[in-house]
Each structure stands twice: as C-alpha cells, then as structure tokens.
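Quantities reported herein were computed from a predicted structural model and do not represent experimental measurements. Order of appearance sets the numbers: ligands from 1, and atoms from 1 within every ligand.
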Amino acid sequence: MIDLKTSKKDFPKDFYWGVATSSYQVEGADLEDGKGPSIWTTFVKRNGTIEDGTDGMIACDHYHRWQEDIELLADLGVNAYRFSISWPRVFPKGTDEKNQKGIDFYNKLIDKLLKKGITPFVTMYHYELPQILQDKYNGWESRDIIQIFGDYAEQLFNEFGDRVKHWITLNQPLRISHRSYIDNNAAPGTKKSVQLSFQVAHHLLLAHAEAVKRIKKLDAEAKIGISNSTIFVEPVNEDPKNIAAARMMDQFYNEWFYKPLATGEYPEELHHFLQERNWAPVILPGDMQKILCGHDFWGVNYYSRSLAVFDTTKPFMFSEAEPVLECTPQKMEIYPEGLVRSLKKIHENYGMKDIYITENGSDDFDILNNGEVKDDVRAGYIARHIEGCLKALQEGVNLKGYFVWSLMDNFEWVKGYTIRYGLVYIDRNNNLKRIPKKSFYDYQRFLNS
Ligand code: BGC
C-alpha cells in the first residue's frame with residue numbers, strides 16, 4: 001500500500017474528490033441512436049492516424065454500461081464526476097434539431113449521479129465537433145463557430161442546467177488548435193499552418209467567453225470555467241539561451257491560454273514573435289475585451305514537467321530535453337512539485353480564482369495477472385500529487401477539487417488502446433470487463449480515510 005502522508009481529513013470538508021472521462025474516449029455507440037458523426041469519427045478512419053488502427057466505435061461501451069460505471073464511482077467513494085457531453089450525440093446537426101435519445105442518455109446519467117450523491121462537472125466540448133460543422137464552416141477555423149458554440153452552451157444549459165451547476169466550456173484549447181493544425185495529430189488534422197492554429201486558438205477563447213456570457217445570463221449562480229493544459233516548464237540548465245527557450249515554451253503551452261482570459265492580453269513576447277512571422281491571429285476590435293469574460297474557475301489539467309532547450313531548428317526556437325526524473329512509460333516526469341508551483345503561479349498571476357485540478361494521472365501499460373493489476377507507479381503518482389494539493393492549499397491556493405484522469409482505461413486518441421490511464425482496467429479480451437486496479441483501491445482507501 002502506498003504510504004500517503006495525508007488523509008482526507010486534512011482537506012476542507014467541501015473539497016470535491018473525483019475522477020474524469022470524456023465522451024468519445026469511453027462511450028462507444030458512435031453513430032448509434034441518432035448520434036451524428038464527429039470530426040473524430042472521420043479522423044480515425046484515415047489510414048495511419050491511430051497507432052493501433054483502432055477507433056472509439058465501442059470504446060468502453062459506457063453508453064450501454066453507464067449504470068455499472070456509476071456503481072464503480074459510488075464504490076470508489078468520489079463525491080464528483082467530470083464527464084463530457086458529446087455534441088453530435090445531443091445535436092447531430094450543430095445546434096438545431098436535438099436528438100432526444102442523446103439528451104435522455106445524459107439525463108439518466110445526471111439523475112443517477114445526483115441520487116448517489118455525486119456532483120456532475122460537465123465539459124461541453126472534449127474534442128467532439130459535429131462533422132457537419134467542419135464541412136459547413138471549416139469548424140474552429142471560422143468565426144461563425146463562436147456564436148454556434150454559444151447557442152450550443154445555451155441549449156445544454158436549458159436541458160441540464162436545473163441539475164448541473166459546474167460547467168467546463170472547453171477541454172484544452174492548446175490541444176484543439178496546435179495538435180491538429182501544427183502537429184496534424186488530432187482531428188480534423190488535414191491542414192498544417194501555424195497562423196491557422198493561432199487563429200483557431202483565438203476563436204476557441206472567444207467561444208469560451210461567449211458560452212460564459214450566455215450561461216451567466218441564464219443562471220448567475222452556476223459556476224463555469226475552462227480546463228487548460230498546464231505543463232510546468234523549466235530550462236534544462238541556467239544557460240541564458242535555455243532560459244529564453246523556457247520562457248517561450250511557457251508562453252506557448254500555458255500563458256497563451258491563461259493570460260488573455262485573466263488580463264485581456266496575449267503574452268507579449270510570443271505575440272510579437274508571431275507578428276514578425278505573419279503567424280499572429282487576426283484580432284478584431286473588441287475581441288480581447290470579450291475574451292476577458294470573468295469566468296468562475298480554472299480547470300487545471302496537470303501531468304508533468306517539460307525541460308526546455310534552445311533549438312534553432314524548431315519554429316518556436318525551443319525543443320524538449322530528455323526527462324531527468326523518474327518517468328511514466330510515456331516519458332512523463334513524475335513531478336508533483338511542478339503541480340504545486342503551477343497552481344501557485346496561476347493563483348498569483350491570473351486573478352485568484354477558484355481552481356480545480358480537472359485532470360491528473362499516469363499512463364502505464366498495466367498487466368492483468370491472476371485477475372489483478374498492480375499499478376504501483378500510478379498509485380504512487382496519485383498519492384504524491386494529492387500531497388501536492390495539500391501543500392498548495394497550505395500555501396494559499398484556492399484549490400477546490402481534484403479529479404484523477406481517468407476512471408477507466410479508454411481510447412487514448414492517436415495512441416488508440418496502446419496505453420492505459422484508468423483506475424479501472426478494461427479487459428478488451430474479455431467483453432470489456434471492468435477490473436479495479438490497485439490505484440483504485442488506494443484512492444478508495446484515501447477517500448474513506
Ligand atoms: C486529455 C485526455 C487524455 C489525457 C491523457 C488529457 O490532456 O484531456 O483526453 O486522455 O490527456 O493523454
């Protein structure tokens with residue numbers, strides 16, 4: 001058993017303890033019961049996009065096994081669950097024409113969660129854009145999507161807002177833009193352009209702000225935020241060039257998506273760098289004031305630290321050095337201090353808002369042996385990051401909750417099913433049987449402490 005140096009009693013009574021998932025990664029039943037195709041339905045079909053050639057057609061079959069999965073949550077002892085709504089499942093055509101079967105699915109899920117005393121934290125967008133919006137408008141490349149996303153947010157609120165009081169507009173705008181338009185490593189993934197990527201990022205921030213405005217108008221009490229990729233960046237050594245590279249990396253990964261929402265300004269140095277190369281997004285008058293939207297909380301998705309090295313062969317003059325600390329199999333450094341320092345930085349620089357860690361977890365290959373999975377690395381990773389949460393609280397951060405990524409092994413985007421993140425093992429050779437791992441039992445023990 002992992003030696004946790006803290007117990008649940010050390011945390012505030014109203015702290016949210018949860019786990020997180022996302023629709024395409026767990027639901028399966030893609031195209032079933034009136035669900036329309038999303039950009040991921042299309043992307044996975046292109047040759048060579050997914051490492052093991054798989055897709056999310058079945059995933060964890062959560063769409064059919066949601067009751068069993070809620071029992072797992074209850075058994076684990078969490079008081080919160082973060083999941084996302086699949087846009088094309090509820091509005092297959094964008095915003096008009098709702099798909100009642102899709103709405104019913106989420107109604108049942110939300111009702112059952114509440115019955116079990118588990119608070120739903122709902123992500124409106126975890127990468128599943130209806131394909132029809134991609135075809136019609138080029139998706140996030142177009143400003144049209146800003147109002148459409150606002151309409152969608154409002155519709156979600158009208159359907160579920162009587163029971164859902166915590167909303168997350170977007171999951172990781174960094175990944176939605178740059179992973180697709182710079183790396184071609186995520187849907188839609190058909191165009192490569194740095195300028196377009198930053199344009200998409202600009203539209204994402206505006207869409208977030210539009211959703212915040214709409215929801216706040218409907219219910220001033222509802223809490224709404226955004227989940228940002230949060231990477232703790234340090235220079236590989238004290239060489240001034242590497243220090244400059246780290247500054248650039250930090251602006252690229254983190255500040256570009258935090259700062260404008262808190263101050264109405266993009267990070268100056270990176271913005272200037274983009275302008276010099278004609279890569280800067282087109283910003284219309286009034287955009288930056290809109291982006292400064294006054295949302296309620298930051299969702300922090302934290303996994304690891306990155307070490308920056310000056311590198312003139314790269315478009316942004318930085319690359320990532322080899323990790324030096326103990327790592328997960330995906331070469332993610334296990335560095336809870338990076339979480340603490342990231343939280344403090346966000347707290348101090350970006351408006352002292354409430355903060356939820358909306359994702360934190362560890363990849364592993366995980367071997368099923370005699371019906372058991374001994375995922376010691378993951379269990380230790382979670383324990384050390386929970387200790388980090390306590391440290392951040394003691395240092396004054398308004399931390400309100402912690403969500404492990406993920407409840408169960410799921411479709412890991414371009415990695416397919418080659419790596420696992422779950423507290424619960426999904427046995428893909430045995431009818432997707434759910435098998436709680438050691439990390440599940442350790443987290444359960446902590447939650448009961
Ligand atoms: C994403 C998840 C993903 C996880 C692990 C997060 O950044 O939100 O969808 O599964 O990383 O890669």
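- Residue Glu412 has at least one heavy-atom neighbour below 4.0 Å for each of these atoms of ligand 1: 3 (C), 5 (C), 10 (O), 12 (O).
- Close approach of ligand 1 to Tyr421 is summarised as follows: ligand atoms under 4.0 Å from at least one heavy atom of the residue are 5 (C), 12 (O).
- Close approach of ligand 1 to Gln25 is summarised as follows: ligand atoms under 4.0 Å from at least one heavy atom of the residue are 2 (C), 3 (C), 9 (O), 10 (O).
- In summary, the atoms of ligand 1 found under 4.0 Å from a heavy atom of Trp413, numbered by their order in the structure, are 2 (C), 3 (C), 9 (O), 10 (O).
- The aromatic rings of Tyr24 and Trp413 lie parallel to each other, their planes meeting at an angle below 30°, with 60° marking the opposite boundary.
- Between the OG atom in Ser342 and the CD1 atom in Ile231 there is a gap of 9.5 Å [rounded to 0.5 Å].
- Among protein heavy atoms, atom 1 (C) of ligand 1 sits closest to Glu359 OE1, 3.4 Å.
- Ion pairing between Asp69 and Lys112 fails under the 4.0 Å rule for side-chain N and carboxylate O.
- Lys438 and Asp442 are joined by a salt bridge, as a carboxylate oxygen and a charged side-chain nitrogen come within less than 4.0 angstrom of each other.
- Any N or O atom pair closer than 3.5 Å counts here, and Asn410 shares no such pair with ligand 1.
- Contact annotation for Asp363 and ligand 1: no heavy atom of the residue comes within less than 4.0 Å of the ligand.
- Residue Trp405 places at least one N or O, backbone or side chain, under 3.5 Å from an N or O of ligand 1.
- Protein heavy atom in closest approach to atom 4 (C) of ligand 1: Tyr303 OH, 3.5 Å.
- Taking the ring centre of Tyr425 as origin, the terminal cationic atom of Arg434 falls outside the region bounded by 6.0 Å and 45° from the ring axis.
- Counting atoms of ligand 1 from 1 in the listed order, those under 4.0 Å from a heavy atom of His126 are 1 (C), 2 (C), 8 (O), 9 (O).
- A salt bridge links Arg341 with Glu234: the distance from a Lys NZ or Arg NE/NH1/NH2 to an Asp or Glu carboxylate oxygen falls below 4.0 Å.
- Heavy-atom separations between Arg175 and ligand 1 include at least one value shorter than 4.0 Å.
- Checked for salt-bridge contact, Lys353 and Asp296 miss the test: no charged N lies under 4.0 Å from a carboxylate O.
- To the nearest 0.5 angstrom, Ser22 atom OG is 8.5 Å from Glu27 atom CD.
- Inclusion of Ser22 in the set of residues having an N or O under 3.5 Å from an N or O of ligand 1 is not warranted.
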